[in-house]
Protein chains: 2
Amino acid sequence: MSLIDRRRARTRRALVEAATELFERKGYEGTTVADIAAAAEIGTRTFFSYFASKEDVLFPDADARVRAAVEIVKNHKAGEAPAQLLMRAMKYLASADNDLPGGFAALRLRLFRDVPAVRGRALQLLCEAMLEIAKHLAAAFPEQLDEASAVALSGAVTGAVLGALYHLLEKSDQALDPDPVALCDAGRQAIQVALAPWLRP
Amino acid sequence: MSLIDRRRARTRRALVEAATELFERKGYEGTTVADIAAAAEIGTRTFFSYFASKEDVLFPDADARVRAAVEIVKNHKAGEAPAQLLMRAMKYLASADNDLPGGFAALRLRLFRDVPAVRGRALQLLCEAMLEIAKHLAAAFPEQLDEASAVALSGAVTGAVLGALYHLLEKSDQALDPDPVALCDAGRQAIQVALAPWLRP
DNA sequence: TTGCATCTCTGCATTGAGTGCACCTATGGT
DNA sequence: ACCATAGGTGCACTCAATGCAGAGATGCAA
């Protein structure tokens, strides 16, 4: 089990790295799944036993991230307001880029901006994450929040962050060569800006 | 021009109606673009000169709706608060189901819930609408809102509505036969629920 | 009416994502 | 050593989507 699992994890990482390199070099549309599989030295068919779609290779950490954010909600400090807790979870959700190849987050942002398919998948995952967090948020504050309010609140916070992110991406549209570091920092900063109004009460 | 335009509009409507009927009867995945085109009596290739993708046939009114919402923002009454104006625009955006075959909105909601591709496209369009509205909102309140705040605010309102919608869809998940009318009414009601907190200040 | 230009419709070929199936191989347990 | 199971792989297939080029209709001018 352990041996086989480690092998699978290694192949998975190889796929992500190969995809990163290829997307960087030949663009998203210019790279086929067959290319990625070949670069990672597996059969084309096997790619789809690691990732359900071509887009998903850009979100290899989605599950882990959501689980970590949920943990933050579950282990909330007593007396912390829902909105503040939500902000901490969202902040983690948007900034935890561990275990990923260098420049991966920046590449992903650029592809989010430029490739409709990537944007669609990202928004879908974001919504799922939002719902999952909302569910646990409602459980964490049974007195203050019913489920409907929790989802609406999570949606509002998520939407605000997303709006700020879009705004930053639009601005950097003019820079033909988007600086990876600046783009990532801006993403994190967007959270601060968007959530500021929520921290007052 | 007028003659040719009317012909195109008629074909377009025929496509939407054919797609509605086929999706209803054979499901989304069970219907091919060729089926839709054949039912509307045009060549398969021609379908893509009317809609850029299979999903887009489910959002034939997207442009008009966004334009109408933008008009609402542009013609805002003096003294109306940004959040209230935004609510009016969102309300219109989510409830204007004119010129569509009966049951179309309910079908769309069901497919949004069940088909990932439809969900992805819908979220994408929603984001675009949100950005467009935000741009004009910032223009309408140059004193109170800079562009970043406008986008964050629009994102928050949009997210809240979306969250409420998701919650309602989840609840109706248990009902195996979702009542179209109830589903649509619930969608409109969701807006009221989600936006209630924004109306107090 | 005739001719010319433009635009739409259409079929054909092609690419590439994604799936179902069947076979093979290797790993792990007995 | 043997067997059962699970992952890897090739093959064939479906379907969305695009590029291209030809056919046909339409509008305009002479």
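The chains referred to below are lettered A, B, ... by the order of the sequence lines, with proteins before strands, and numbering in each begins at 1.
Residues from residues 19-29 of chain A with heavy atoms under 4.0 angstrom of DNA chain D: there are none.
Atom pair B:D56:CG and D:dA17:P shows a separation of 9 Å (rounding to whole Å applied). Whole-Å rounding puts the A:R121 CZ to C:dG18 P distance at 10 Å. Between the CZ atom of A:F51 and the P atom of C:dG18 there is a distance of 13 Å, rounded to whole Å. Counting to the nearest Å, the P atom of C:dA17 and the OH atom of A:Y50 are 19 Å from each other. Rounded to an integer number of Å, the gap from CD1 of B:I42 to C1' of D:dG24 is 16 Å. Rounded to whole angstrom, the span from the CD atom of A:E41 across to the C1' atom of D:dG8 amounts to 14 Å. One can place CZ of B:R12 at 17 Å from C1' of C:dC9, the figure rounded to the nearest angstrom. If you take NZ of B:K54 and P of D:dA17, they are 8 Å apart, rounded to a whole angstrom.
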Name the pairs: protein N/O against N/O of nucleotides 19-21 of chain C, kept only if under 3.5 Å.
residue, atom, partner, partner atom, Å
C:dG20, N7, A:R45, NH2, 2.8
C:dG20, O6, A:R45, NE, 2.4

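For the pair B:F141/B:L85, a side-chain contact is recorded, criterion being any heavy-atom separation below 4.5 Å from C-beta on. Taking the side chain as every heavy atom from C-beta outward, A:R119 and A:P116 approach each other to under 4.5 Å. Side-chain contact between A:R65 and A:F59: absent, with no pair of heavy atoms (C-beta onward) separated by less than 4.5 Å.
Among the heavy atoms of the strands lying under 4.0 Å from B:T46 is at least one base atom, whether or not backbone atoms are also near. Within the 4.0 angstrom heavy-atom criterion, no nucleotide atom of any strand lies near B:T11.
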Using a 3.5 Å cut-off and no angle test, enumerate the donor-acceptor pairs between side-chain atoms of residues 101-109 of chain A and protein atoms at least two apart in sequence or in another chain.
residue, atom, partner, partner atom, Å
A:R108, NH1, A:L58, O, 2.8
A:R108, NH1, A:D61, OD1, 3.4

Per-pair distances, 0.1 Å, donor-acceptor, side chain in residues 129-138 of chain B, under 3.5 Å, sequence neighbours excluded:
residue, atom, partner, partner atom, Å
B:E132, OE2, B:H136, NE2, 3.4

Can you list, pair by pair, the side-chain donor-acceptor contacts under 3.5 Å of residues 66-78 of chain A, counting residues two or more places apart and other chains?
residue, atom, partner, partner atom, Å
A:N75, ND2, A:E71, O, 3.3
A:H76, ND1, A:V73, O, 3.2

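With hydrogens and angles disregarded, no donor-acceptor distance shorter than 3.5 Å links the side chain of A:S154 to the backbone of A:V151.
Of the candidates C:dG18, D:dA16, C:dG16, the closest approach to any side-chain atom of A:T32 belongs to C:dG16.
In this view, B:A34 and B:T32, B:T44 satisfy the side-chain contact (heavy atoms from CB on, under 4.5 Å) rule, not counting sequence neighbours.
Salt-bridge check for B:E29 with B:K54: failed, with every basic side-chain N at 4.0 Å or more from each acidic carboxylate O.
Phosphate contact (OP1/OP2 of D:dG8, side-chain N/O of A:S49, threshold under 4.0 Å): present.
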